[in-house]
Number of protein chains: 2
Amino acid sequence: MATSTRGRIDKRQAILGGAFAVFARLGYAQACVQDIADEAGVAKPTVYNHMTDKATLFRHAVEAASQAALDARIGALAPLADPGDDLAGALEDVAHALLRLHTDERSCALKRLLHSEITRFPDLLDVVTGSGPHHLTRALADRLARLALSGRLRAADPDLAAEQFLALLLGPLEARSRLGTRPIGETELHDMARATVCTFMRAWGQDTP
Amino acid sequence: MATSTRGRIDKRQAILGGAFAVFARLGYAQACVQDIADEAGVAKPTVYNHMTDKATLFRHAVEAASQAALDARIGALAPLADPGDDLAGALEDVAHALLRLHTDERSCALKRLLHSEITRFPDLLDVVTGSGPHHLTRALADRLARLALSGRLRAADPDLAAEQFLALLLGPLEARSRLGTRPIGETELHDMARATVCTFMRAWGQDTP
DNA sequence: GTGGATTTGAACTCATGGGTTCAATGTAGT
DNA sequence: ACTACATTGAACCCATGAGTTCAAATCCAC
């Protein structure tokens with residue numbers, strides 16, 4: 001047939017990718033395995049050749065997407081390693097990058113899937129605590145602790161500072177994006193990043209200017 | 001006995017209540033109408049006597065629960081109408097009340113349902129924008145504007161202040177409650193409220209004390 | 001009581017979809 | 001070329017559950 005089956009390419013990747021795409025589009029219950037197989041360009045028995053269940057298929061797909069999202073987010077913290085002499089500017093860059101990463105299609109879908117299926121798949125909590133906001137908070141706290149040590153931020157409680165920075169940044173997202181159904185314009189993202197950094201520096205910047 | 005259709009109205013409430021309970025427990029797709037009828041203490045045809053669809057049943061149940069949640073949350077802002085001379089204390093009371101309201105069983109279930117079914121029921125967005133965080137933010141912004149007028153807060157942008165207060169307060173909830181699957185202790189709630197108010201006052205309190 | 005509407009249980013129809021089977025058809029490695 | 005295995009399409013089995021039908025039971029106003 002004219003299908004794209006080229007030898008022994010690892011179909012597993014195609015299946016996981018297609019699975020996440022379909023789950024993201026339809027949710028767990030509404031996604032049927034045939035749709036996933038079609039999306040992956042693969043026959044249905046092939047899916048069951050690699051994954052025993054629809055459930056484990058879901059788990060693996062979410063796990064992979066979750067890990068990828070975490071890597072990207074932690075990577076976005078890089079400018080804080082050497083912020084130069086414009087700390088607020090570096091924070092704003094990081095804030096904007098994080099906003100972009102949290103508003104893209106896959107991230108919104110991932111968040112929806114986690115929220116909706118967490119009762120049916122309680123073991124996804126391990127994936128979340130392993131790659132969810134907790135790890136990102138810790139990574140950010142590490143950066144902030146360094147900055148506090150060099151006297152550019154209040155020294156007290158970098159964990160709390162990181163938690164509040166992310167809260168200030170990402171909290172308004174839900175309402176503004178209408179639960180992730182509305183894209184947010186680039187200028188609005190910049191405004192949100194600036195407002196976050198401005199308030200954050202008032203609360204956590206070096207006192208006695 | 002007030003109306004000639006008393007029975008009808010009673011059953012309708014029971015059905016809506018049971019529907020929300022079952023939807024909250026199982027999600028939309030997994031909840032079957034028979035379960036809902038049982039939960040409501042009613043026969044299945046009676047459900048279809050009041051609601052044409054499983055879908056409209058879901059809509060009405062979510063709408064009712066959403067409205068109730070909004071009323072409670074806006075009610076929790078009351079102490080800000082007359083905060084006395086301890087503004088931080090009043091803010092902390094409000095913060096704590098809001099945290100309690102956002103962590104109870106029904107609120108978590110409601111949030112899960114909205115996130116998971118928003119793609120299948122886009123019209124629920126109207127319910128959300130009508131009774132979701134947006135209205136709460138506006139109500140809080142009104143209170144903060146009054147306080148700013150009397151010189152007890154920075155005057156600039158009460159809308160932003162309200163948005164950031166709620167973000168600081170509710171943003172950390174997601175990670176701490178593990179997506180709503182873990183109850184948060186009373187002392188931890190108090191700590192969160194205090195940390196929020198402390199940071200909020202540093203950023204938005206009257207400058208030059 | 002009586003009559004009209006409502007509720008009820010049980011059985012029914014029908015569509016969906018998870019998971020399997022199987023014979024035919026590649027595809028690798030040797 | 002030959003063998004061992006992966007893949008494929010199509011059909012199949014079977015559980016689940018939405019929505020309906022209907023006769024019997026129940027309720028309410030008058």
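To find a chain, count down the sequence lines: A is the first, B the second, and so on, and within it residues start at 1.
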**Study point:** side-chain hydrogen bond (donor to acceptor under 3.5 Å, both in side chains), paired with B:Arg25, selected from B:Gln30, B:Glu39, B:Glu105
**Key:** B:Glu39
Exercise for review: Rounded to the nearest angstrom, tell me the gap between atom CD1 in A:Ile15 and atom P in D:dT8.
Suggested key: 8 Å
Review point. Any side-chain N or O of B:His50 less than 4.0 Å from the OP1 or OP2 oxygen of C:dT7?
Key: yes
Exercise for review: Rounded to the nearest angstrom, tell me the gap between atom CG in B:Asp10 and atom P in C:dT8.
Suggested key: 12 Å
Exercise for review: Return the nearest nucleotide to the side chain of A:Val33; candidates are D:dT20, C:dG18, D:dT8.
Suggested key: C:dG18
Review point. Are the side chains of A:Leu99 and A:Leu169 in touch, meaning some heavy atoms are under 4.5 Å apart?
Key: yes
Practice item. Specify the residue among A:Cys32 and B:Gly41 whose closest nucleotide of DNA chain C lies further upstream toward the 5′ end. Key: B:Gly41
Practice item. Measure the distance from CG on B:Asn49 to C1' on C:dA5 and round it to the nearest whole Å. Key: 10 Å
Review point. Does A:Lys54 make a cation-pi contact with A:Tyr28 (under 6.0 Å, within 45 degrees of the axis)?
Key: yes
**Study point:** Spacing between A:Leu57 atom CG and C:dG19 atom P, to the nearest angstrom
**Key:** 10 Å
Review point. To the side chain of B:Ala43, which of C:dG9, D:dA18, D:dT7 is closest?
Key: C:dG9
Practice item. Figure out the CD/P separation between B:Gln34 and C:dT7, and round it to whole Å. Key: 16 Å
Exercise for review: Determine the contact category for A:Ala31: base if any of its heavy atoms lies under 4.0 Å from a base atom, sugar-phosphate if only primed atoms, P, OP1 or OP2 are that close, otherwise nothing.
Suggested key: sugar-phosphate
Exercise for review: Give the rounded distance in Å between these two atoms: CG of A:Asp38 and P of C:dG17.
Suggested key: 12 Å
Check your understanding: Has the side chain of B:Lys44 got a donor or acceptor that lies under 3.5 Å from a partner of the other kind on the base of D:dG19?
Key -> yes
Review point. So do B:Leu144 and B:Phe200 actually touch side chain to side chain, heavy atoms under 4.5 Å?
Key: yes
Practice item. May I have the distance from B:Leu26 (atom CG) to D:dT16 (atom P), rounded to whole angstrom? Key: 14 Å
**Study point:** Of the listed nucleotides D:dT7, D:dG17, C:dT8, the one nearest the side chain of A:Lys11
**Key:** D:dT7
Review point. In this structure, are over 12 heavy atoms from other groups packed under 6.0 Å from A:Arg59 atom CZ?
Key: yes
Check your understanding: Once you round it to whole Å, what is the distance between P of D:dT16 and OH of B:Tyr28?
Key -> 19 Å
**Study point:** Below 4.0 Å: OP1/OP2 of C:dG17 and any side-chain N or O of A:Lys54
**Key:** no
